[in-house]
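I have placed the structure first, in the form of structure tokens, so that the comments after it can refer back to it.
Remember, it's 1-based here, ligands and their atoms both numbered in the order they're listed.
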Amino acid sequence: MKRIAVLTSGGDCSGMNAAIRAVVRAGLSNNLEVVGIQKGFQGLIDRHGEVLTTKSVSSKLQVGGTFLQSARCLKMLQEPGQQLAAENLQAMAIDGLVVIGGDGSHRGALAMQRLGIPVVAIPASIDNDIPFTDMSLGVDTALNNIIHAVDNLKDTASSHDRTFVVETMGRNCGYLALVSAIACGAEYALIPESSYDLDAICENLQRRFKEGRDNSIIMVAEGAGKAQNIADQIKDRIGFETRIMVLGHYQRGGSPSSFDRLLAARFGVNAVATLLQGNSGKMLGLSCGAIVLTNLEEAIGAGRRPIDENLLRLAATLGI
Ligand code: F6P
């Protein structure tokens with residue numbers, strides 16, 4: 001193996017730059033040339049890559065987003081696009097590919113593997129919905145972003161006896177809303193995995209304020225409802241002037257946390273080591289603190305990672 005490539009694909013997250021850096025440094029330590037592909041799989045289709053050096057990745061570790069840029073590439077869903085991407089990798093004399101991204105990106109990775117390019121995938125998505133890893137890259141930083149925002153919000157909420165509905169990302173997965181509710185001491189976490197009763201919530205909000213509580217925070221994952229809609233319903237039912245905060249893409253940016261920096265380093269170095277061992281068609285994961293490998297086919301076939309029942313129980317015990 002002489003030359004490998006690395007790309008970031010799908011929604012960006014903090015820690016991607018740190019992972020690229022780790023791949024480049026691990027590659028160079030093993031006398032490999034490392035090519036950075038621009039804009040995810042689109043860059044493979046356009047044959048848009050350049051050789052990366054330690055200088056190319058200098059001072060990138062602490063920066064959010066991805067300097068290689070990312071894209072959601074529809075052409076990679078079809079056979080002609082996949083074929084072209086694999087041909088371009090061969091034309092660029094790439095012996096192995098590291099794909100950093102979420103489940104959609106892993107499908108592209110598997111397509112390349114099936115077309116004869118050895119691939120290792122790194123799970124990266126703030127949703128934490130990728131199976132066979134306790135944590136995906138970017139999740140911890142996103143949680144810290146949410147916590148920072150909600151802590152600030154509580155100051156103003158309690159100054160005005162207010163209820164706030166805070167919308168987190170998570171189209172199909174309530175992980176961010178649930179964990180941030182636990183970490184911020186919120187009253188509710190409305191998530192796509194569980195149903196909720198707005199009448200009961202309203203009753204409880206009224207009781208809380210009668211007891212003299214000066215604020216209530218309801219976390220809602222985007223897949224469980226729109227913050228504005230929930231706030232309007234609360235106003236209609238009990239007349240509370242409820243405010244909202246939609247965190248949106250704010251959650252995805254910012255300097256990676258120490259956890260994400262370390263995870264990125266471990267994932268990046270292990271991805272290169274896996275390719276060098278002649279192992280491929282794998283996704284890396286974190287399991288009970290150790291880096292583990294799962295067949296990409298199995299990871300994709302398993303669908304979304306279900307919400308952790310222990311977290312649900314923890315939240316329930318805490319009154320969320
Ligand atoms: O998959 C990660 C994610 O951040 C989801 O939580 C969110 O619904 C989606 O990406 C937003 O995607 P886009 O950046 O394309 O709007």
Side-chain angles (χ1 to χ4, degrees), residues 7-17 19 38-43 64-77 99-110 121-150 165-181 183 189-194 219-230 244-257 260 263-264 267 283 285 299-300 302-308 311:
L7 62 82
T8 48
S9 162
D12 70 297
C13 66
S14 291
M16 280 183 160
N17 278 328
Q38 291 288 331
K39 294 197 194 313
F41 288 103
Q42 188 59 48
T66 160
F67 80 95
L68 288 178
Q69 296 197 292
S70 190
R72 299 189 199 273
C73 177
L74 295 178
K75 284 188 187 150
M76 271 305 282
L77 300 175
V99 172
I100 305 168
D103 56 345
S105 314
H106 295 176
R107 284 173 204 279
L110 181 59
I122 291 176
S125 162
I126 67 165
D127 293 346
N128 214 23
D129 59 350
I130 302 173
F132 300 106
T133 184
D134 295 343
M135 289 290 273
S136 292
L137 198 59
V139 174
D140 186 64
T141 307
L143 279 172
N144 286 334
N145 288 341
I146 298 170
I147 288 167
H148 180 71
V150 175
V165 183
V166 183
E167 188 179 312
T168 68
M169 275 190 170
R171 254 187 306 234
N172 305 293
C173 174
Y175 184 89
L176 290 176
L178 180 63
V179 174
S180 59
L190 312 184
I191 60 174
E193 292 88 345
S194 317
M219 304 299 299
V220 56
E222 61 178 324
K226 293 280 146 227
Q228 188 61 63
N229 183 264
I230 292 165
I244 67 157
M245 178 166 68
V246 178
L247 290 167
H249 289 79
Y250 166 82
Q251 293 158 95
R252 284 219 306 238
S255 184
S257 64
D260 274 327
L263 189 62
F267 277 159
M283 184 196 85
I300 291 165
R304 279 177 213 294
R305 178 176 184 262
I307 200 93
D308 183 348
L311 276 179

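- Here the protein heavy atom with the shortest distance to atom 16 (O) of ligand 1 is His249 NE2, 3.2 Å.
- Side-chain atoms of Asp260 and Thr141 form a donor-acceptor pair, as typed in the model, at a separation below 3.5 Å.
- With no hydrogens or angles considered, a side-chain donor-acceptor pair links Thr8 and Thr66 at under 3.5 Å.
- Without hydrogens or angle criteria, Thr133 side chain to Ser136 main chain gives no donor-acceptor distance under 3.5 Å.
- Side-chain N or O atoms of Asp129 include none that pairs as donor or acceptor with a backbone N or O of Cys173 at under 3.5 Å.
- Among protein heavy atoms, atom 6 (O) of ligand 1 sits closest to Asp127 OD1, 2.6 Å.
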Does Glu193 form a side chain to side chain contact (heavy atoms under 4.5 Å, CB included) with Leu178? I'd like the steps, not just the answer. CA-CA 10 Å; Glu193 292 88 345; Leu178 180 63; over 6 Å; no
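- Ser70 approaches Gly10 most closely through the heavy-atom pair OG-O, 2.5 Å.
- Protein heavy atom nearest atom 9 (C) of ligand 1, with residue, atom name and distance: Arg171 NH2, 3.7 Å.
- Comparing Glu222, Gln251, Arg72 by heavy-atom distance to atom 8 (O) of ligand 1, the nearest is Glu222.
- Using a 4.0 angstrom heavy-atom cutoff, Gly170 counts as in contact with ligand 1.
- The single protein non-hydrogen atom nearest to atom 3 (C) of ligand 1 is Arg252 NH1, 3.5 Å, given as residue, atom name and distance.
- For ligand 1, none of its N or O atoms has an N or O atom of Ile126 under 3.5 Å away.
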